Each structure stands twice: as C-alpha cells, then as structure tokens.
Amino acid sequence: MSYRNNILGRIVDKALKVLSLCVVLGATGCSEDIDESNRYTFTGETVVDYLENRSDIYSSFIYILDKATVGKGGNVRHLLSTYGTYTCFAPTNDAIERFLIEQDSIYWDQVEKLANGEITEKDFRDTGVHSPYLDSLSVEKCTEIAKNHLLEKGYLTVDLSEGAFPSPNMNDRFITIVWTVDEETSMVYPLLNSNSRIIESDMEVENGVIHTLDAVLNPSTALLPDLVDSQREYFAIWAQLLRMTMLDSVMRHTEDLTYTRGGESYSSAYVNANYPGSTFFPSAKKYKYSIFLEPDSVFKVNGIETVDQLREYCEQWYGTEDREDPSSPRNALYKFVAYHILDRQLLYASGTGPGGFIMENYSDNYNSEAMMYGAQFDRYDYFETKLPYTLIKVTRPLTSEVYGQEVVINYAQNGGKTFKNEGMRNHLNVIVLPPSKATAYMPNLKDDALNGRIHIIDRLLIYNEDEMVGNVLRERMRWDFASWFPEMTNNNVRWATRSSKAKVFFIPDGYCSRIKMNSEVSELYYLCGTSGWNNYQGDELLSSNLFDFEYRMPYVPAGTYELRVGYARYPNRSVVQFYIDGKPTGIPVDLRRNDLTEQFIGFVKDSELADELEIAENDKEMHNRNWMKAPASFMVENGKDTRETSYPMRYVLGMFYLSEGDHWFRMKNVREDQATDSQGHHDYFEIVPKAIVTDPSQPEDRY
C-alpha cells in the first residue's frame with residue numbers, strides 16, 4: 001500500500017499547524033507470525049527492496065535483519081518483504097560501525113572494572129556486544145537490534161509532534177521524538193530517543209515507511225530505579241532517596257511470567273456473533289512505572305542541597321513520625337518519594353489523542369480534537385500514587401492563558417490561581433517538562449527504562465490533603481473506566497486500535513488486580529472504537545453472558561460524593577443491578593434504549609428547548625430521576641452534540657460517604673430472560689463532591 005496520496009496537502013497542513021499530532025496512518029496486526037495468505041506481488045519496492053537497492057548505505061542493517069528471528073522460525077528480513085505496514089528506522093553502515101565499537105568498549109571496560117573490584121556482579125552491564133565486528137553479533141542481539149527499529153504501523157514524520165510514537169516497537173518499547181534545530185544550518189530535524197537523528201525521512205515503499213538514522217536506537221535495559229541511580233549527575237539526591245526509603249524495590253518488577261494466555265484467541269457465543277475471530281487475550285502481563293523527578297538543580301533553587309535538608313523541608317508537610325527510619329511509610333521522606341511514583345508507564349504526549357492528551361497511550365484512530373470541540377476544554381486524568389490513598393491530577397489546561405499546551409500536575413482551581421493554603425502555592429501547578437526542554441539542560445538524560453519512564457518536573461511535588469480536598473479535587477472527577485486498571489495501560493491494551501489484529505481484548509479473571517469476577521461465566525471485553533462511537537475517549541468496557549463483576553474504585557479523600565456511571569444506551573443492553581460496597585444502589589436499571597425508556601428518563605434535546613432556563617430545568621428534572629445527559633465536552637455519532645442524542649447517558653447511582661480505603665463498584669446482569677448476549681456496557685465513571693452537586697451558587701457545568 002502506498003502513503004503518497006495527498007501527501008503534499010498534509011505537509012502544507014502540518015506547516016500551518018506547526019506539526020500538530022494527527023497519527024491516523026494505516027496499521028496491521030501485532031502478531032509476529034508471518035501470514036503467508038496476505039502476500040501478493042508488489043509493483044514497487046518493499047522495505048527490504050529499498051534497503052538492498054542501497055546496500056552501500058544499509059548493508060550492515062540488512063545483515064542484522066537477515067540474522068534476526070521472528071515468529072516460528074522466520075527472520076525479520078523475510079517479514080519486511082511481505083505484505084504489511086511497517087515503519088523501519090534504518091541506521092546507516094557508519095552508525096552501526098560506531099555502535100559496535102562503542103558497545104564493545106563499554107563491555108570490556110565493565111569486565112575490567114569487575115576484575116578490579118570496582119563494581120559488583122550486580123552492577124555489571126553486559127551490552128551484548130563483545131566484539132567490534134558485525135559477524136560476531138549473536139542471533140539474540142541481532143533480533144534485539146532489529147526489533148528496536150521496527151514498528152508494525154506506518155508513520156510519517158509530518159504526522160508527528162513532540163512526544164512518543166503512539167505504538168511500541170517490536171520489542172514493546174516506545175520511541176520518543178523531539179524536534180530540534182541544527183545550530184549550523186538552522187534546519188529542524190527529528191531526534192529519536194534523544195540520540196538518533198533522522199537524516200532522511202518519509203521514504204515511502206509498498207509496505208511501509210523508511211527513515212534513515214545516523215545512530216542506532218539502543219534503549220536502556222536498566223530497571224527504572226537503576227536508571228535513576230546511573231544518572232547521579234542530575235539526580236544525586238533522588239539516587240539516595242530511593243535507596244534510603246527502599247522504594248526502589250517497588251519498581252523492580254517487570255513481568256508476571258505465570259500469565260500464559262498471551263495471544264490466545266477467545267471465542268464464545270457472544271464473541272462469535274459479534275466479533276468473529278477478532279477477540280484475543282492480552283499478550284503479556286508486564287509491570288511498568290512512572291516516576292516524577294526534581295533534578296538536583298530544582299532542589300537547589302529551594303535551598304536544598306542535601307538529603308538532610310530535604311528531610312527538614314518535608315517534615316513541615318508530612319510530620320516527624322519515625323524520623324530515623326526513612327523506610328517507614330510514616331516517615332516524611334518516604335511519603336515524599338512515594339507520592340512521586342505511579343504504577344503505570346505514562347508517555348509524554350503533546351498531541352491530542354484521548355489519554356495521550358495527558359501522558360497515556362492513545363488510539364491513533366480517534367480524533368479527540370474533532371470529538372472534543374476543537375481544543376476548547378482541558379484534558380485531564382487522575383492517577384493513584386504509591387503514597388496510600390492519594391491521587392495526582394494530570395492536566396493539559398488548554399483553557400489557560402498561562403500554561404497552554406504544557407502538562408501540569410495538580411492544577412489548581414480557577415485557572416491555576418486558587419490556593420487554599422498559601423504555603424502550597426509553590427507545590428501546585430507542577431509542570432512536567434516536555435522531552436525537548438528536559439534534554440536542553442540535561443543533554444545526557446535517559447528517561448526510558450526497561451520497565452518505566454522518568455518525567456522531569458519543575459518544582460517540588462508535595463501532597464497536602466486539605467489542599468487537594470478544598471482545591472485541586474474540588475470538582476467533578478471523571479475517569480474513563482479503562483484508566484482504572486494499570487494493567488491495560490502497561491500491556492498495550494488500552495488504545496489498541498480497531499485496525500490492529502486484536503480488535504477486541506478479552507480480560508480474563510485475575511488479570512487486573514482491581515477487578516473481581518463473582519460469576520464463572522462473566523465475560524469482560526475492552527474495545528477501542530472510532531469517531532462514530534457514542535463513547536467518551538473512544539473506548540469502552542463491555543460485559544456479556546450472565547455477568548457479575550466488581551471494580552475497585554480509585555482512591556479519593558474521605559468525604560461524601562455523588563457517583564455516576566456513563567454508558568451508551570442500545571436495544572441489546574442488559575438490565576443491571578448496581579452495587580456500591582456490596583449494597584444495592586436502588587432498583588435494577590434497564591440500560592436499553594427505546595421510546596418508553598426515552599420518556600421515562602425525561603430526555604429532551606437542548607435544541608428543542610426555548611432557552612437556557614428551560615435547558616437547566618430539563619437537566620434538573622432528569623437528575624431528579626437519576627439520569628443526566630452525557631457531557632458536552634465530547635461529541636458522538638460522527639460529530640453530533642451529546643446533548644442532542646439520548647444514546648450516551650449518565651445514570652446517577654446516588655450519594656455515598658467514601659471513607660479512606662477500598663470501595664467497590666459492582667454490576668450484575670439481572671435481565672429476566674437471562675439473555676447471555678445482552679451487554680453490560682460501561683464507559684466512564686464520575687465521583688463528584690457533594691459540595692459541587694448541592695451548591696446553587698456554582699452549578700455544575702455541562703462539560
């Protein structure tokens with residue numbers, strides 16, 4: 001397939017939009033097995049043809065591709081000569097020669113240090129390159145190198161802005177891209193993983209796109225805490241903190257090897273009827289993390305140059321319990337460090353895809369700018385930290401005149417201007433530096449670990465519950481259901497596109513730690529859709545059969561909240577009994593849509609109401625019946641206003657007091673005919689402080 005159609009128009013469009021993100025190129029399945037049935041005779045060059053026809057530039061890379069293995073007995077070179085869609089980052093012969101010399105030198109330097117007792121076996125780093133000669137590379141190392149340079153989707157540089165590629169490479173690692181300026185030529189060029197420059201881009205062939213690199217992509221194989229420790233030139237204080245608090249240990253997990261369902265297809269009566277041959281188990285169960293770091297330079301600006309000085313600073317906020325034991329969860333330093341760690345890998349994305357508008361992976365099939373009225377509303381999400389029962393809020397405040405496109409942690413109310421505690425002024429609105437700014441003053445920064453990411457922040461991140469309750473979280477909190485479960489983010493389930501092989505993911509019992517199945521026949525699926533779906537952020541969770549399951553809700557500060565479920569109403573939905581903490585929230589709810597239920601919920605299109613007063617009155621009448629129109633901050637049905645259609649809807653579960661600790665949301669199929677093909681659709685969840693619901697002077701907005 002060729003990408004050349006309308007390319008000139010896209011380039012002009014990108015120039016006008018200053019390289020805004022719009023990754024909507026073709027894609028293929030994620031399976032490594034070569035599907036011989038999809039082969040056909042190409043009329044032009046394949047990826048392999050292109051490289052072989054320029055062997056004076058790429059012969060070393062061709063050798064690596066030929067030696068690298070894929071699937072069951074195949075090699076990568078053969079894969080790239082078949083039907084598919086690939087992005088190939090092809091390092092030049094000179095780049096590979098430099099790489100071999102460098103990696104060989106590092107390896108033997110490590111050997112010498114180990115022999116001299118300068119390092120221990122634990123610190124020994126085997127680069128996998130033990131000779132500067134190409135033909136000495138092992139099959140395993142060739143496979144690693146080859147897969148680091150291949151994506152199973154096609155991406156042109158004109159379709160990318162700063163951040164991470166939407167899809168991982170074939171080694172399940174994400175490649176970052178920043179746009180930099182050559183000081184001598186003033187030319188703008190893309191830099192990958194902070195060290196590999198694209199020197200020739202967007203060479204389109206029949207089965208993908210080729211970009212030529214001046215350096216080999218070589219992501220770190222270090223675990224996240226070790227990557228921090230290895231960069232003491234920037235993180236000397238953090239290197240000490242992780243060891244002292246022993247929180248480095250929580251970031252050493254990589255994968256649950258007892259999980260064996262990877263790639264296996266799933267079938268049932270429901271699946272065969274609705275998604276024949278397209279439902280798969282997640283391919284792995286990996287653990288990944290994110291850590292927000294203040295460099296030593298940021299500590300220094302705050303008068304902190306030692307860990308002891310930081311301890312005194314933190315004790316002002318976290319108290320002096322267990323002062324002499326930094327590994328105690330009650331210790332101030334422990335609390336400070338724990339609040340910086342998340343149990344999922346977040347990618348910095350300056351683009352606009354849902355989830356990606358913060359730092360999550362995102363679907364390149366879903367245009368959130370079109371689905372969210374352009375860029376008129378802030379993008380946000382909430383994530384739990386390793387400090388028990390705490391959240392951080394992560395926002396791209398597009399409505400702000402101050403922050404614009406930046407990613408901000410714990411964005412204050414009133415456009416970042418409101419502070420309940422004046423002392424917290426310097427600890428809210430914490431900016432996460434985009435990769436280009438971070439590497440501008442930390443040129444040797446490595447932010448990508450084997451099991452997570454480092455994100456650089458510009459000020460001290462402190463948790464204060466009074467400030468969170470009275471300011472940051474004093475708002476309607478809305479989560480896409482899939483964001484509740486880090487396993488979906490860490491294993492490339494969330495935002496997997498419908499154009500990939502795994503169109504639907506079956507979530508097996510026990511895969512997500514925050515999901516409990518109360519019925520052996522419960523079936524739970526994750527689906528990612530397109531702009532035609534009536535879904536917030538373009539994805540959904542769907543249950544079928546005689547389902548009965550529970551989700552552990554996100555931790556929020558203790559208080560009274562109104563709880564709501566967002567979903568799309570269709571005739572094939574089920575009748576559901578909702579529960580909170582094991583107690584029914586009321587009578588069963590019919591999730592189906594027909595004329596009778598339309599009248600029952602009291603829905604009237606905004607366009608059919610006379611004025612704002614009537615619209616507000618209709619909203620109130622619906623809310624009195626436990627129903628609400630969907631948020632106006634996203635569109636449905638290919639651009640239709642949510643308040644003009646009754647397919648997407650919110651159901652109000654009621655008002656509940658949530659104490660500190662675990663709370664569970666449950667859905668049970670109670671449809672009288674016990675239809676196993678009826679759907680328990682659920683899209684997003686809202687936790688709304690009572691003060692927001694009951695304060696007539698500050699009515700809740702429609703967004």
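What you see is a predicted model, and the numbers here were worked out from it, not measured in a lab. Worth knowing before you read on, the calculation uses all heavy atoms, side chains too, and leaves out hydrogens, waters and symmetry mates.
Looking only at side-chain heavy atoms (C-beta outward), Val216 and His149 come within less than 4.5 Å of each other. Residues Arg54 and Glu45 meet the side-chain proximity criterion, which asks for heavy atoms closer than 4.5 Å. Inter-residue side-chain proximity for Pro168 and Asn492 is flagged as met; some heavy-atom pair is nearer than 4.5 Å. Residues Val432 and Val408 form no side-chain contact, since every pair of their non-hydrogen atoms from C-beta on lies 4.5 Å or further apart. Side-chain contact between Leu137 and Val129 is present, with at least one heavy-atom pair separated by less than 4.5 Å. Put simply, the side chain of Leu191 does not reach to within 4.5 Å of the side chain of Ile177, judged on heavy atoms. Considering only heavy atoms from C-beta on, Ile392 comes within 4.5 Å of Phe292 through its side chain. Between Leu156 and Glu204 the shortest side-chain heavy-atom distance falls below 4.5 Å.
Other residues, nucleotides and ligands contribute only 12 or fewer heavy atoms inside 6.0 Å of the OH atom of Tyr133. The number of heavy-atom neighbours closer than 6.0 Å to NZ of Lys437, taken from other residues, nucleotides and ligands shown, is 12 or below.
For the residue pair Asp539 and Arg494, the shortest heavy atom distance occurs at OD2-NE, 3.8 Å. Scanning all heavy atoms of the two residues, the minimum distance from Arg344 to Ser290 falls at O-OG, 2.7 Å.
Under a cutoff of 6.0 Å and an axis angle of 45°, Lys386 and Tyr339 do not form a cation-pi pair.
By the side chain to side chain contact (heavy atoms under 4.5 Å, CB included) test, Asp109 pairs with Lys113, sequence neighbours left out. For Ser55, the side chain to side chain contact (heavy atoms under 4.5 Å, CB included) partners are Ser59, not counting sequence neighbours. Every residue meeting the salt bridge (charged side-chain N to carboxylate O under 4.0 Å, His left out) condition with Glu384, not counting sequence neighbours, appears here in chain and number order: Arg514, Arg552. Partners of Asp226 by salt bridge (charged side-chain N to carboxylate O under 4.0 Å, His left out), not counting sequence neighbours, listed by chain and number: Arg252. Legend: residues meeting side chain to side chain contact (heavy atoms under 4.5 Å, CB included) with Glu233, ordered by chain and number and at least two apart, are Asn444. Residues meeting the side chain to side chain contact (heavy atoms under 4.5 Å, CB included) test with Asn451, sequence neighbours left out: Leu223, Leu224, Thr254, Tyr289, Ala449.
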Exercise for review: List the steps, then state whether side chain to side chain contact (heavy atoms under 4.5 Å, CB included) holds for Lys446 with Leu227.
Suggested key: CA-CA 8 Å; Lys446 294 180 176 60; Leu227 188 64; 4.0 Å; yes
Check your understanding: Do Ile457 and Ile409 pass the side chain to side chain contact (heavy atoms under 4.5 Å, CB included) test, and can you show the C-alpha distance, the side-chain angles, and the key distance before you say yes or no?
Key -> CA-CA 9 Å; Ile457 54 179; Ile409 299 176; 4.0 Å; yes
Exercise for review: Quick one: do Asn169 and Glu152 satisfy side chain to side chain contact (heavy atoms under 4.5 Å, CB included)? Show the steps, please.
Suggested key: CA-CA 7 Å; Asn169 63 27; Glu152 292 184 289; over 6 Å; no
Practice item. Let me see the working for Trp179 and Thr157 under side chain to side chain contact (heavy atoms under 4.5 Å, CB included), right down to the final yes or no. Key: CA-CA 10 Å; Trp179 294 85; Thr157 57; 3.9 Å; yes
Practice item. Applying side-chain hydrogen bond (donor to acceptor under 3.5 Å, both in side chains), run through Ser483 and Tyr382 and close with a yes or a no. Key: CA-CA 9 Å; Ser483 74; Tyr382 309 88; over 6 Å; no
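Between Phe165 and Phe89, the ring-plane angle classifies as perpendicular under the 30° and 60° cut-offs. Between Tyr107 and Phe124, the ring planes lie perpendicular to each other; the angle is over 60°, past the 30° to 60° tilted range.
Separation of the Tyr348 and Phe174 ring centroids does not fall under the 6.0 Å cut-off. Ring centroid separation for the pair Trp238 and His340 comes in under the 6.0 Å cut-off. Taking the six-membered ring where the residue is Trp, the centroids of Tyr63 and Phe61 are separated by 6.0 Å or more.
Residues Asp378 and Thr399 bring a donor and an acceptor atom of their side chains to less than 3.5 Å of each other. Between the side chains of Arg98 and Gln103, not a single donor N or O lies within less than 3.5 Å of an accepting N or O. If you check the side chains of Asn193 and Asp448, you find no donor sitting under 3.5 Å from an acceptor. Tyr58 and Thr212 share a side-chain donor-acceptor pair at under 3.5 Å. Side chains of Tyr155 and Ser167: a donor-acceptor N/O pair is present below 3.5 angstrom, by distance only.
No salt bridge links Asp381 with Lys393; every basic N to acidic carboxylate O contact stays at or beyond 4.0 Å. Salt bridge Asp296/Arg232: absent, no basic N to carboxylate O contact under 4.0 Å.
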